[in-house]
Amino acid sequence: MSPDGRGRYRRGTDLTGADHTGADRTGADHTRLRDTRLHGTGPRGTVPHGTGGRREEQPFDGRDRHSRVLPARPGRARVDGPPPHAGVVGGGIAGLAAATALAERGVRVTLYEREYGLGGRLAGWPVELADGSVATMSRGFHAFFRQYYNLRELLRRTDPGLHSLTPLPDYPLRHSDGMLDSFARVPRTPPLSALGFVALSPSFGWRDLMRMNPAAALPLLDVRVPGVYERLDTVGAADFLARIRFPEAAQHLAFEVFSRSFFADPRELSAAELALMFHIYFLGSSEGLLFDVPREPFPQALWEPLAEYLQGHGATIRTATPVDSVEPVPGGGLAVTAAGGTAVHDAVVLALDTAGLKRVVAASPGIGDPAWRAGVAGLRTAPPFLVSRFWLDRPVAPDRPGFLGTSGYGDLDNISVLDRWEGEAHRWALRTGGSVVELHAYAARTGGGRAAVRDRLLEQLHRVYPETRDAGVVDERHEWRDDCPLFPVGGHGSRPSVRTPDPVLMVAGDLVRTDLPVALMERAATSGFLAANALLARWGVRGHPLRTVPPRGRSALLRALARLGRD
């Protein structure tokens, strides 16, 4: 990290060694805001300073004794002889997990990332504010839930105690009619977790409960993968909730938590994904809906230390290097063409977002078979979303939570007060007497133009936190994106799995089908490890253990009730 902790990046280097420059998405000049940390090399197999001596496979964290551990496939501890060379395309969570798992076993790894920094959809980049200070902008708030076992294990490579994360005390949800739900007092052990939420939530009244259709809710009581997709993938999430006749307020305050996580309109989201999320957070796990957040911006807290760790294990990281194509090579291997050069690898992991995967596969006619290629071509992205961040000249009220989910406030889906937990934002607020507030709009309605959405978000902030109405805006940044995968009704069967028709080509990311009870960032991390394990098994090398929430409902009574719905 640079001395001022701002997470600066250097220009990327293409495969020929020439300097490779590109424009920042925000229009900022990166040249004077970068250092050289991502392109150095360290001695193979060393552990960088600050890792606490950790190499791998320390005990998983978490409190759920019913969680499932998937043992590592046996094999040699490390690669013997000349190491195979693996290319990992994409430097997000999935790519970093795959690269880490391979490099730790002695595989020679080259990681390609099109942007200047690592992290994918959790990347960050420096911006210069109107007051002359430099801040780290990102695509917004992400919650690191306690069920994210494999993602947290990846972060433990450089932070064994996970000191880079700090807990937020609650996941409050506020409706425009004044109702407020909280998960802080909800029991965490199933089935008390679901029963406790119903008992404590103002959105469930006795009349509402009497109108519900319990038979329609039976699939939620014993969610299993892939069975949940066989039963519910052809049903929309909104239709599924309508069948159960959940109170409208409960739908907004509880189940929208999950549909928001997918950046999707619940009318377009598969009910199977909704049911899986209900299992992960309510009836399948004792970890609950409490979560941690990084103490500093993503690059400084998470990805820069992991880049050093990878380089210490001999990996080469090539940022600002978009991959154009991946093609089979006569005699074996895959040729990766990027930034004007080509390198041959023994195996490749495609850890790209939806658009990136579709683009690379379309430009690589030699990989896969017609059915696999058609499945990739048919992938869709969720609707556009907006992240707006405001640096205000006065603080929000001291009792405001660090994170607040909202419903019934038009486009506004949540509010984050970053200076409540993020060190960089906190230091800016202390220095200026202001605050740093971030607003999200998922599946945004852009019919009136994107500027109108920004204006509506700010107006809703003033409505939720009235003290912000008189605050001056020192600076603001607005990030529009539309690159999150959509899990549409009936789409599960055509999604790619980790393995492809080519045994040395793997796919990883939150878009893939894993047949494990994981979702979102945890699916990305898990799929990255799965891709690496598949390649390691091919080379006779021991894989990495994984952990998930239980693969079925926790309560024997509820499982018996669920069977009634299946019979």
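Just so you know, these numbers use all the heavy atoms, side chains as well, and skip hydrogens, waters and symmetry mates.
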Q: My understanding is that only residues two or more places apart in sequence, or in another chain, count here; which of them pass ring-ring contact (aromatic ring centres under 6.0 Å, His included) with Phe385?
A: Phe263
Q: Restricting to non-hydrogen atoms, name the atom on Leu392 and the atom on Val474 that form the minimum distance, rounded to 0.1 Å.
A: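 Here Leu392 and Val474 meet closest at C-CG2, 4.1 Å.
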Q: Report the residues that fulfil salt bridge (Lys or Arg N to Asp or Glu O under 4.0 Å) with Asp292, sequence neighbours left out, ordered by chain and then residue number.
A: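 So Asp292 forms a salt bridge (Lys or Arg N to Asp or Glu O under 4.0 Å) with Arg146, Arg152.
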Q: Run the numbers on Glu273 and Tyr229 for side-chain hydrogen bond (donor to acceptor under 3.5 Å, both in side chains), then give the verdict.
A: CA-CA 8 Å; Glu273 292 291 343; Tyr229 292 100; 2.9 Å; yes
Q: Can you measure from CD1 (Ile280) to OH (Tyr148) and round to the nearest 0.5 angstrom?
A: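 Rounded to the nearest 0.5 Å, the CD1-OH separation comes out at 7.5 Å.
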Q: Using the salt bridge (Lys or Arg N to Asp or Glu O under 4.0 Å) criterion, which residues pair with Arg454? Sequence neighbours excluded.
A: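 Testing Arg454 for salt bridge (Lys or Arg N to Asp or Glu O under 4.0 Å), a comparison that skips the adjacent residues, returns none.
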Q: Decide whether Gln460 and Asp411 meet the rule of one side-chain donor and one side-chain acceptor closer than 3.5 Å.
A: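 Absent: no donor and acceptor within the cut-off.
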Q: Considering non-hydrogen atoms only, spot the tightest contact between Pro496 and Leu511 and give its length.
A: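 Scanning both residues completely, I find the closest heavy atoms to be CG-CD1, 3.9 Å.
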Q: For the pair Ser133 (side chain) and Asp131 (backbone), establish whether a donor and an acceptor sit closer than 3.5 Å, ignoring hydrogens and angles.
A: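 No, Ser133 side chain to Asp131 backbone: no donor-acceptor pair under 3.5 Å.
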Q: Can you sort out the partners of Pro169 under side-chain contact (heavy atoms from CB on, under 4.5 Å), two or more places apart, ordered by chain and number?
A: none
Q: Pairing donors with acceptors under 3.5 angstrom, does anything connect the side chains of Thr406 and Asn414?
A: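 Thr406 vs Asn414: no donor-acceptor pair found between side chains.
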Q: Strictly distance-based, threshold 3.5 Å: is any side-chain N or O of Arg139 a donor or acceptor partner for the main-chain N or O of Arg121?
A: yes
Q: Sequence neighbours excluded, which residues qualify as side-chain contact (heavy atoms from CB on, under 4.5 Å) partners of Ala275?
A: Leu220, Val223, Val228, Leu232
Q: Indicate the atoms forming the closest heavy-atom contact of Phe487 with Asp510, along with that distance.
A: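 Here Phe487 and Asp510 meet closest at CZ-O, 3.2 Å.
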Q: Quick check: closest heavy atoms across Val417 and Pro401, and the distance to 0.1 Å?
A: CG2-O, 3.7 Å
Q: Determine yes or no for a side-chain-to-main-chain donor-acceptor pair under 3.5 angstrom, with Arg495 supplying the side chain and Val512 the backbone.
A: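 Here the side-chain-to-backbone pair exists.
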Q: Sequence neighbours left out, what passes salt bridge (Lys or Arg N to Asp or Glu O under 4.0 Å) with Arg359? Give chain and number order.
A: none
Q: Over 60° means perpendicular and under 30° means parallel, so classify the ring planes of Phe529 and His544, tilted if in between.
A: tilted
Q: Quick one: list whatever passes side-chain contact (heavy atoms from CB on, under 4.5 Å) with Ala532, sequence neighbours left out.
A: Ala101, Leu102
Q: Side chain to side chain contact (heavy atoms under 4.5 Å, CB included) with Trp428: which of Leu129, Asp419, Leu418?
A: Leu129
Q: Would you say the side-chain atoms of Ser176 pair up with the backbone N or O of Gly408, donor to acceptor, closer than 3.5 Å?
A: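 Between the backbone of Gly408 and the side chain of Ser176 there is a qualifying donor-acceptor contact (under 3.5 Å).
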Q: Kindly say whether Val376 contributes a backbone atom to a donor-acceptor pair with the side chain of Lys358 at under 3.5 angstrom?
A: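 Checking the backbone N and O of Val376 against the side chain of Lys358, no donor-acceptor pair under 3.5 Å is found.
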Q: Go through it in stages, so that I can follow the logic: the residues are Phe144 and His142, the test is ring-ring contact (aromatic ring centres under 6.0 Å, His included), and I'd like the CA-CA distance, side-chain angles, deciding distance and then a yes or no.
A: CA-CA 7 Å; Phe144 289 69; His142 282 76; 7.5 Å; no
Q: Any idea how His440 and Tyr442 line up, ring-wise: parallel (<30°), tilted (30 to 60°), or perpendicular (>60°)?
A: perpendicular
Q: Is the distance from the ring center of Trp125 to that of Phe298 below 6.0 Å?
A: no
Q: Which value, rounded to the nearest 0.5 Å, describes the distance between Leu302 atom CG and Leu165 atom CG?
A: 6.5 Å
Q: Does the pair Asp482 and Thr381 meet the rule for a side-chain hydrogen bond (donor to acceptor under 3.5 Å, both in side chains), with working shown?
A: CA-CA 7 Å; Asp482 60 355; Thr381 55; 5.4 Å; no
Q: How would you list, by chain and number, every residue that makes a ring-ring contact (aromatic ring centres under 6.0 Å, His included) with Tyr465, sequence neighbours excluded?
A: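 Counting only residues at least two positions away or on another chain, Tyr465 forms no ring-ring contact (aromatic ring centres under 6.0 Å, His included).
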Q: Using 4.0 Å as the upper bound for N to carboxylate O, is an ion pair formed by Asp353 and Arg481?
A: no
Q: Taking only residues two or more places apart in sequence or in another chain, which ones pass salt bridge (Lys or Arg N to Asp or Glu O under 4.0 Å) with Glu467?
A: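 Partners of Glu467 under the salt bridge (Lys or Arg N to Asp or Glu O under 4.0 Å) test: Arg400.
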Q: Taking the inter-plane angle between the rings of Phe141 and Phe403 on a 0 to 90° scale, is it parallel (under 30°), tilted (30 to 60°) or perpendicular (over 60°)?
A: parallel
Q: Is Arg295 reaching over with its side chain to a backbone N or O of Glu422, donor-acceptor style, under 3.5 angstrom?
A: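 No, because the side chain of Arg295 does not come within donor-acceptor range (under 3.5 Å) of the backbone of Glu422.
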Q: Salt bridge or not for Glu153 and Arg156, using N-O below 4.0 Å?
A: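 A salt bridge is present here (some side-chain N lies under 4.0 Å from a carboxylate O).
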Q: For Trp480, check ring-ring contact (aromatic ring centres under 6.0 Å, His included) against everything at least two apart and list the hits.
A: none
Q: Checking side-chain hydrogen bond (donor to acceptor under 3.5 Å, both in side chains) for the pair Glu424/Thr136: CA distance, chi angles, key distance, verdict?
A: CA-CA 8 Å; Glu424 180 185 273; Thr136 306; 2.9 Å; yes
Q: Regarding Arg547 and the six-membered ring of Tyr149, is the cationic atom NZ or CZ under 6.0 Å from the ring centre and inside 45° of its axis?
A: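 Yes.
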Q: Using every non-hydrogen atom in the two residues, find where Glu113 and Gly91 come nearest and quote the distance to one decimal.
A: OE1-N, 2.7 Å
Q: Taking Asn150's backbone N and O only, do any of them form a donor-acceptor pair with Glu522's side chain (distance below 3.5 Å, no angle check)?
A: yes
Q: Between OG1 of Thr514 and CZ of Arg523, what distance do you get to the nearest 0.5 Å?
A: 5.5 Å
Q: Angle class for the Phe282/Phe278 ring planes (parallel below 30°, perpendicular above 60°, tilted otherwise)?
A: tilted
Q: What side chain to side chain donor-acceptor pair (under 3.5 Å) pairs are there with at least one residue in residues 384-396, not counting sequence neighbours?
A: Ser138-Arg389, Ser388-His478, Arg389-Glu438
Q: If you round to the nearest 0.5 Å, how far is OG1 of Thr468 from CG of Leu461?
A: 3.5 Å
Q: To the closest 0.5 Å, what do you measure between CG (Asp159) and OH (Tyr309)?
A: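 Answer for the CG-OH pair, Asp159 versus Tyr309, is 13.0 Å.
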Q: Which pair of non-hydrogen atoms, one from Ser416 and one from Trp421, has the smallest distance, and what is that distance?
A: CB-CH2, 3.7 Å
Q: Just to verify, what does Glu268 make a side-chain contact (heavy atoms from CB on, under 4.5 Å) with, not counting sequence neighbours?
A: Asp265, Arg380, Pro383, Leu486
